[in-house]
Amino acid sequence: MKIKFPDGSIKEYEYGITPYQIAESISKGLAKEILVAKINNQMYDLNRPITNDCEIFLYKFKDKEGKSVYWHSTSHIMAQAVKRLFPNVKVAIGPAIENGFYYDFDTEKPFTDEDLMQIEAEMKKITFEGEPFIRKQVSKQEALDFFKDKNEYKVELIKELAEDEQITFYQSGEFIDLCLGPHLPDANMIKEIKLLHTSGAYWRGNEKNKMLHRIYGISFQSKKELENYLQKLEEAKKRDHRKIGKELGLFATYDQIGAGLVHWLPNGARIRDIIENFWKKEHYKAGYELIYTPHIGKGSLWQTSGHLDFYKESMYPPLNIEGEDYYLKPMNCPFHIAIYNSELHSYRDLPIKYAELGTVYRYELSGVLHGLMRVRGFTQDDAHLICTPEQLQDEIIKLLDFSLYMLKSFGFDKYEFFLSTKPEKSIGKPLDWEKATETLKVALEVRGFQYNIDEGGGAFYGPKIDIYIKDALDRSWQCTTIQFDFNLASRFNMTYIGEDGKEHRPYMVHRALLGSLERFFGMLIEHYAGNFPIWLAAQQVQIIPISEHYISYAKEICNRLSNENIRVKIDTRSEKLGYKIRDAETKKIPYMLIVGEKEKANNTVSVRRHLKGDLGSFCVSDFISIVKKEIENKK
RNA sequence: GCUGAUGUAGCUCAACGGUAGAGCAGCUGAUUUGUAAUCAGCAGGUUGGGGGUUCGAUUCCCUCCAUCAGCUCCA
């Protein structure tokens with residue numbers, strides 16, 4: 001048999017050789033590390049004989065494929081442990097996920113933390129027993145017979161498989177499960193296991209189905225890796241915007257006012273003001289007109305826009321005013337279109353770009369609300385771009401550039417692009433959808449951006465490009481969305497007068513760059529862990545007089561900085577220096593200026609940088625220019 | 001919305017079927033300080049809201065609200 005390796009080399013092997021033996025023939029080290037193989041695009045267990053000429057890939061834990069198998073096998077071990085401890089529990093499905101694995105169980109009483117500890121201990125026992133994972137091929141009938149009367153979930157899964165499909169069972173010890181595989185050679189390869197938490201999950205994600213109990217966990221090959229992972233979780237917890245938001249007085253929600261309704265506290269509001277000012281300035285520069293529109297509008301408006309047909313479940317019930325229904329706006333588009341339609345437009349006026357920091361209200365299920373990330377009222381940095389067909393492609397490319405410029409300004413420089421296509425529930429002609437999708441695609445390709453396609457993930461009114469950013473912990477967040485919209489233009493009968501003197505239909509693109517100010521702020525907080533760059537910091541400088549004798553000198557400095565538009569305060573409390581420094585550090589104020597006898601005599605300040613410490617003494621004008629430069633560079 | 005957990009002072013947390021306690025923050029006073037916590041005193045709570053059981057509830061039960069981990073969905 002000829003076997004081709006990833007480097008292109010081809011070697012001859014005996015019929016029936018296993019991937020493990022092949023790895024062994026290359027090196028003992030490799031054999032020790034590999035977890036799974038891909039044979040002609042099919043994932044193979046390491047001990048599954050190869051019976052054809054093929055191309056082979058071998059995967060280790062560091063590979064996505066390796067991790068996935070490792071975690072999937074761990075989920076089987078978990079199911080096995082659960083079956084040992086709770087024999088009446090039925091197992092449903094248990095895949096590997098991005099970070100670890102889960103398994104869903106049908107059980108009367110949910111798992112407690114003590115149960116998790118017990119299960120974890122049992123899993124350790126199973127890994128010590130080290131039984132091999134054995135792959136068994138069965139017919140559909142055999143499979144059905146096996147699970148009949150035992151487990152309706154497996155029966156349901158099997159029934160959906162094609163008649164002639166190869167069905168496989170995997171057995172480890174006494175535990176047999178329907179499973180496509182592949183798996184690790186044996187349970188002993190799983191070294192470190194941690195069960196993380198439990199939750200409810202509907203069978204097949206459908207709320208009409210029975211609620212199952214899910215256990216999440218993760219496993220690694222070494223204690224160190226597990227510790228690193230847990231540490232990363234800790235780090236994420238420390239950066240949680242909800243925690244930092246409370247500590248720094250950035251934002252709050254209140255029970256008595258309502259869930260998901262955000263209050264921007266003075267420090268957070270100051271940062272928002274800075275973001276908004278920057279945003280407005282850049283939008284004017286980029287040729288946008290800023291507008292403001294109302295928060296409610298008549299039902300007929302939302303009927304025309306299609307929102308009442310396609311978006312009603314996210315809208316609040318109407319307010320009845322003088323016999324007329326008014327709805328809180330879930331989007332800004334109809335208002336922007338009304339402004340456009342209020343006068344006649346020549347092709348010479350286009351493109352028209354209306355931008356608005358528009359506050360919208362959407363009904364979100366109470367269970368999904370989350371800090372600033374998922375709320376019920378939020379402000380989109382919205383804009384609608386209305387242009388001729390000729391301008392379209394160019395405008396989309398400009399938009400991509402503008403988006404990235406904005407994101408970069410806030411310190412985000414890693415992106416992922418998603419192109420979302422026509423969903424099932426949609427309005428508009430298929431041909432329009434095709435054209436729109438193509439325009440977005442071309443824009444991405446012109447800029448050379450790699451992108452993923454989210455099939456059926458578009459909005460009901462058009463295809464879209466979403467940009468996800470990666471933060472300091474490498475987590476992805478959805479930010480920019482650029483959404484095509486052929487439908488509203490025709491629903492509201494938008495037109496412009498062309499060169500030919502006739503009416504034409506313009507194209508419309510709906511976009512939000514930061515997404516929503518609330519979510520974006522949440523991302524900023526977590527990205528910077530609350531240590532905002534100086535241009536964003538609510539307070540930039542804290543002046544700390546060493547004792548009351550230096551307050552007047554401190555005030556002098558404070559005035560000079562204030563006059564330069566630097567956000568500065570003085571700590572006049574009669575506390576020791578260390579106390580005031582600690583306080584300023586805790587508040588994450590970028591610069592502390594310590595002033596005492598020495599500074600007063602020499603007309604200087606002692607500069608301490610947040611998280612960095614003492615930088616030595618500077619004359620005030622030098623300090624001002626350093627700070628101004630830093631603000632200018634958005635560092 | 002659903003499953004499970006949680007809700008005690010501004011914050012972090014403790015305690016209990018017999019009307020709640022600490023640290024930090026706050027206030028007052030003393031101190032006048034050199035790069036991450038000076039000392040002392042004071043004040044601070046309808047134990048998330050409502051209802052029930054009980055001689056007595058903050059504790060047990062019900063219900064509502066909110067939060068957390070998920071399911072589902074999205075900016």
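Here is how names work: the chains are called A, B, and so on, in the same order as the sequence lines, proteins then strands, and each is numbered from 1.
Across all strands shown, A:Thr379 has no heavy atoms under 4.0 Å from either base or sugar-phosphate atoms. Residue contacts shown for A:Val360 are absent, as no nucleic acid heavy atom lies under 4.0 Å away. A:Glu313 comes within 4.0 angstrom of nothing in the nucleic acid, heavy atoms only. Looking at heavy-atom distances under 4.0 Å, A:Tyr202 makes contact with a base. A:Ala259 comes within 4.0 angstrom of the backbone, heavy atoms only, and of no base. Among the atoms of the strands shown, only primed sugar atoms or phosphate atoms (P, OP1, OP2) are found under 4.0 Å from some heavy atom of A:Gln483. Using a 4.0 Å heavy-atom distance criterion, A:Glu518 is classed as making no nucleic acid contact. Among the heavy atoms of the strands, none lies under 4.0 Å from A:Tyr102.
Close to B:rG1, at under 4.0 Å from its OP1 or OP2, lies a side-chain N or O of A:Ser366. For A:Lys464 and B:rA75, the shortest distance from a side-chain N or O to OP1 or OP2 is below 4.0 Å. Taking only side-chain nitrogens and oxygens, A:Tyr361 never comes nearer than 4.0 Å to OP1 or OP2 of B:rA75. For the pair A:Lys246 and B:rG10, the criterion of a side-chain N or O lying under 4.0 Å from OP1 or OP2 is not met. Neither OP1 nor OP2 of B:rA75 sits under 4.0 Å from any side-chain N or O of A:Arg374. Dashed line: the shortest gap from a side-chain N or O of A:Arg214 to OP1 or OP2 of B:rU72 is not under 4.0 Å. Contact annotation: A:Arg242 reaches the phosphate of B:rA69 (side-chain N/O to OP1 or OP2, under 4.0 Å). Considering only side-chain N and O atoms, A:His213 lies nowhere under 4.0 angstrom from the phosphate OP1 or OP2 of B:rC71. Taking side-chain N and O atoms only, A:Tyr468 has no distance below 4.0 Å to OP1 or OP2 of B:rA75.
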* Asked: So A:Glu630 and A:Arg609, salt bridge (Lys or Arg N to Asp or Glu O under 4.0 Å) or not? Walk me through it.
  -> CA-CA 13 Å; A:Glu630 218 177 304; A:Arg609 185 76 167 95; 2.9 Å; yes
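The nucleotide whose nearest atom lies closest to any side-chain atom of A:Arg573 is, among B:rG26, B:rG34, B:rC71, B:rG26. When the nucleotides B:rU38, B:rA66, B:rC74 are ranked by their closest atom to the side chain of A:Glu364, B:rC74 comes out on top.
For the pair A:Arg214 and A:Tyr103, the NZ or CZ position fails the cation-pi test of under 6.0 Å to the six-membered ring centre and within 45 degrees of the ring normal.
Ion pairing between A:Arg204 and A:Glu160 holds under the 4.0 Å rule for side-chain N and carboxylate O. Between A:Lys612 and A:Glu585, no side-chain nitrogen of the basic residue sits less than 4.0 Å from a carboxylate oxygen of the acidic one, so the salt-bridge criterion is not met.
Under the 3.5 Å distance criterion, the side-chain polar atoms of A:Asp485 are left unmatched by any main-chain donor or acceptor of A:His510.
In this structure, the aromatic ring of A:Phe378 is positioned over the six-membered ring of the base of B:rA75, centres within 5.5 Å and planes within 30°.
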